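A, B, ... follow the sequence lines: proteins, then strands. Residue 1 opens every chain. A quick note: this is a predicted structure, and the numbers were derived from the prediction, not measured.
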Amino acid sequence: MLDIKYIKENKEIVKKALNDKQLQGTVDIDLLVATYDEYTELLKKVEIHRNLRNSISKDISRVSPEEKQKLLEEAKHVKDELQEMEEKLKVLKAKIDELMLWVPNVPAKDVPFGENEEGNTIIKQEGVVPEFSFEPKDHLELGEALGIIDTKRGAKLGGFRSYFLVGKGMLLEQAILRYALDHMVAQGFTPMNVPVMLDKKYFVGTGYFPWGSEDHYVTQDDLALVGTAEVSLTSYYADEVLDESQLPVMLAGQSPCFRREVGGYGKDTKGVFRVHYFTKVEQVVLLPEGEELSVEWHDKMLGFAEDILKGLNLSYRVLLMCTGDMGAGQRKKYDIETWFPSQKIYRETHSDSYFLDFQARRLNIRYKDREGKIKFVNTINNTVAATPRLLAAVIENYQQKDGSILVPEVLRKYTGFEKIEPNK
RNA sequence: GGAGGGAUCGCAUAGUGGUCUAGUGCGGCGGUCUUGAAAACCGCUAUAGCCGCAAGGUUAUCGUGGGUUCGAAUCCCACUCCCUCCGCCA
């Protein structure tokens, strides 16, 4: 959420953001500002009336019985007028609240314009693309042959995009997650196990709703299932006031992630690349205000994710996302794409975004600065490791000619084995 | 699933229709005293909005939302959360 005063004073900037982010027609900024002006005008009148009501009421308890009758009649009259105005005021407020939810964040100055993913810029590429003396297989073919990925029985039980990870495949997945989590703990992050069914207001708060509500599952108790631990971690301090000395808050959460993938029916139908349920280690940081600091941490957190991929010896590249391919709430976003030998392309495995106070305003997360002033925190989040997608990358990149999978060096202390081989 | 109790200014508590502009204690901040500290004493102690150069004024907020009333922390209704007990359960 942006400050309504900022919107009012920077209407053209906000409208441009709306267009650049390809969100044309989702919210009428002129209507919002006009409604807000109408609201503040009426609010002034209401407050004058409330003042009048309050002072008459106070007098009633003090004056003589004769005067009391007179005041009572006057008070009734004021009350009726007030009721009418307050009714209108409530309607206006609701309208503003609704419109405000749809106002996106303004992209940072260095975010390139682009209508879709074609506008993204590759800013770096790291690691060595593995060369194979044979035609590399995809993770599904390898996983099925080794008996570690079973999408057939997954689909039998849970439909399309369901899967089982079996035996050493499951252990390798756990190793990846633990490796990622340990790395974040080593950086000073607090590891967290988080609730994954949350009140919808926290999805609104983090900016997933209203835009992405279609991609989320909802329980019969009207809680939504998280698509990422970001929602739980970022909302952890909702409605609280921190002290500046507590910042930066550095949280690393592991959680199941649920996504309906309604926009991706035909996409990535093979294997466990795009699934309805996966597990992810996520990093979230709350900072004092100031874009420079956010930029610094945004890059730092990108580095933590890169550490994981470097440790796994996977080749990756980093993309600066263009306006049309970033979330409504985001100020700037990097994606990391990791090399998938079977597809011979880099595919998204990580997403790193900063928001300034966009999420904090929606979630009402504030802090008291050194002068005692109350301000909104700034928020950032990034993937650390998401599996089975990253598992698939490991499987494909570490495949051997005989169909076995070598376990990356850094994971061996977690798996306790060095290779996944066909049974007999 | 059933029964009962509760939610008040950072914490603990008081407050059952108007002097609540929410009392008291603790904590915190400032001051007096002191070589320094403690103790004692004095003062201050929330958030958001609006008006104002400022001083200040004003509105809202006692879990949330509605209602009754001239007036609600207080009465009524609904909801949320917490606690205790019973049952069930990993």
Side-chain angles (χ1 to χ4, degrees), chain A residues 1-9 32-101 103 193-205 218-224 232 235-247 249 255-256 288-289 357-377:
Chain A
M1 182 137 46
L2 296 175
D3 186 350
I4 181 72
K5 284 182 195 157
Y6 173 88
I7 297 171
K8 203 180 150 171
E9 284 157 25
L32 172 60
V33 172
T35 309
Y36 176 70
D37 286 341
E38 198 184 336
Y39 171 78
T40 50
E41 277 313 301
L42 185 58
L43 183 62
K44 280 176 205 172
K45 284 183 200 157
V46 165
E47 289 191 351
I48 289 166
H49 261 72
R50 281 179 184 159
N51 187 6
L52 188 61
R53 177 201 62 191
N54 289 347
S55 60
I56 295 173
S57 296
K58 219 170 269 177
D59 289 342
I60 286 175
S61 60
R62 292 177 186 147
V63 298
S64 63
E66 306 90 69
E67 279 176 288
K68 194 169 175 176
Q69 268 314 313
K70 220 177 96 193
L71 284 178
L72 268 174
E73 267 168 55
E74 199 184 334
K76 263 181 195 155
H77 181 67
V78 173
K79 187 196 180 185
D80 288 344
E81 280 186 336
L82 191 57
Q83 244 165 7
E84 207 174 301
M85 283 192 275
E86 283 186 328
E87 206 98 339
K88 262 188 224 164
L89 194 71
K90 211 187 281 180
V91 171
L92 289 173
K93 180 69 165 58
K95 194 168 161 189
I96 293 165
D97 289 346
E98 167 66 14
L99 290 169
M100 283 294 280
L101 290 185
V103 179
N193 198 333
V194 303
V196 296
M197 299 188 295
L198 309 179
D199 192 299
K200 288 174 180 172
K201 69 182 179 190
Y202 299 106
F203 292 79
V204 172
V218 178
T219 72
Q220 57 266 58
D221 299 315
D222 214 31
L223 299 173
S232 319
S235 305
Y236 187 66
Y237 288 112
D239 292 315
E240 296 189 30
V241 181
L242 304 170
D243 192 88
E244 185 163 355
S245 62
Q246 291 174 264
L247 304 177
V249 169
S255 80
E289 66 170 20
D357 60 4
F358 187 88
Q359 292 182 318
R361 279 180 182 277
R362 289 178 165 235
L363 290 166
N364 193 28
I365 309 173
R366 296 173 298 170
Y367 71 98
K368 197 177 267 189
D369 77 5
R370 296 187 204 293
E371 272 122 52
K373 265 198 182 165
I374 301 227
K375 295 172 171 168
F376 287 104
V377 301

Give the nucleotide from the list rC70(B), rU68(B), rA60(B) with an atom nearest to the side chain of R50(A). rA60(B)
Which residue, G372(A) or S57(A), contacts RNA chain B at a nucleotide closer to its 5' end, judged by nearest heavy atom? S57(A)
Report the residue (K90(A) or K79(A)) whose heavy-atom-nearest nucleotide on RNA chain B is the more 5′ of the two.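 Going by which nucleotide is closer to the 5' end, it is K90(A).
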Return the value, rounded to whole Å, for the distance between atom [atom1] of [X] and atom [atom2] of [N].
X	N	atom1	atom2	value
D80(A)	rU68(B)	CG	P	11 Å
Y202(A)	rU80(B)	OH	P	14 Å
Q83(A)	rC70(B)	CD	C1'	12 Å
K373(A)	rU47(B)	NZ	P	13 Å
I365(A)	rU47(B)	CD1	P	18 Å
D239(A)	rC81(B)	CG	C1'	14 Å
N364(A)	rA48(B)	CG	P	9 Å
H49(A)	rC70(B)	NE2	C1'	14 Å

Would you say a side-chain N or O of [X] is under 4.0 Å from OP1 or OP2 of [N]?
X	N	answer
K58(A)	rU19(B)	no
N54(A)	rU59(B)	yes
K68(A)	rC70(B)	no
R53(A)	rA60(B)	yes
N51(A)	rU58(B)	no

Nearest-Å distance once atom [atom1] is located in both [N] and [M]:
N	M	atom1	result
rA46(B)	rC81(B)	P	32 Å
rA55(B)	rU47(B)	C1'	22 Å
rU80(B)	rA40(B)	P	47 Å
rG63(B)	rA22(B)	P	15 Å
rA54(B)	rG17(B)	C1'	39 Å
rG87(B)	rU13(B)	C1'	35 Å
rA7(B)	rA14(B)	C1'	15 Å
rC20(B)	rG15(B)	C1'	9 Å

Under a 3.5 Å cut-off for both distances, is [N] Watson-Crick or wobble paired, and to whom?
N	value
rU24(B)	rA12(B)
rG1(B)	rC86(B)
rA37(B)	none
rA48(B)	rU59(B)
rU80(B)	rA7(B)

Just checking, any donor-acceptor pair under 3.5 angstrom between side chains of S245(A) and D243(A)? yes
Classify the nucleic acid contact of [X] as base, sugar-phosphate or nothing, counting any heavy atom under 4.0 Å across all strands shown.
X	answer
I48(A)	nothing
K93(A)	nothing
I56(A)	nothing

Does a side-chain heavy-atom distance below 4.5 Å link Y367(A) with K375(A)? yes
Is any side-chain heavy atom of V204(A) closer than 4.5 Å to one of R362(A)? yes
Which pair of heavy atoms, one from I60(A) and one from A75(A), lies closest together, and at what distance? CD1-CB, 4.3 Å
Could you please spell out the steps behind the side-chain contact (heavy atoms from CB on, under 4.5 Å) verdict for L198(A) and L223(A)? CA-CA 5 Å; L198(A) 309 179; L223(A) 299 173; 5.9 Å; no
Determine, for [X] against [Y], whether the closest basic-nitrogen to carboxylate-oxygen distance falls under 4.0 angstrom.
X	Y	result
E73(A)	K70(A)	no
K373(A)	D369(A)	no
K76(A)	D80(A)	no
D37(A)	K8(A)	yes

Criterion side chain to side chain donor-acceptor pair (under 3.5 Å) on R366(A) and N364(A), from CA distance to verdict: CA-CA 6 Å; R366(A) 296 173 298 170; N364(A) 193 28; 3.3 Å; yes
Nucleic acid footprint by protein, nucleotides 49-57 of chain B - heavy-atom cut-off 4.0 Å, B for base, S for sugar-phosphate alone: BSS------
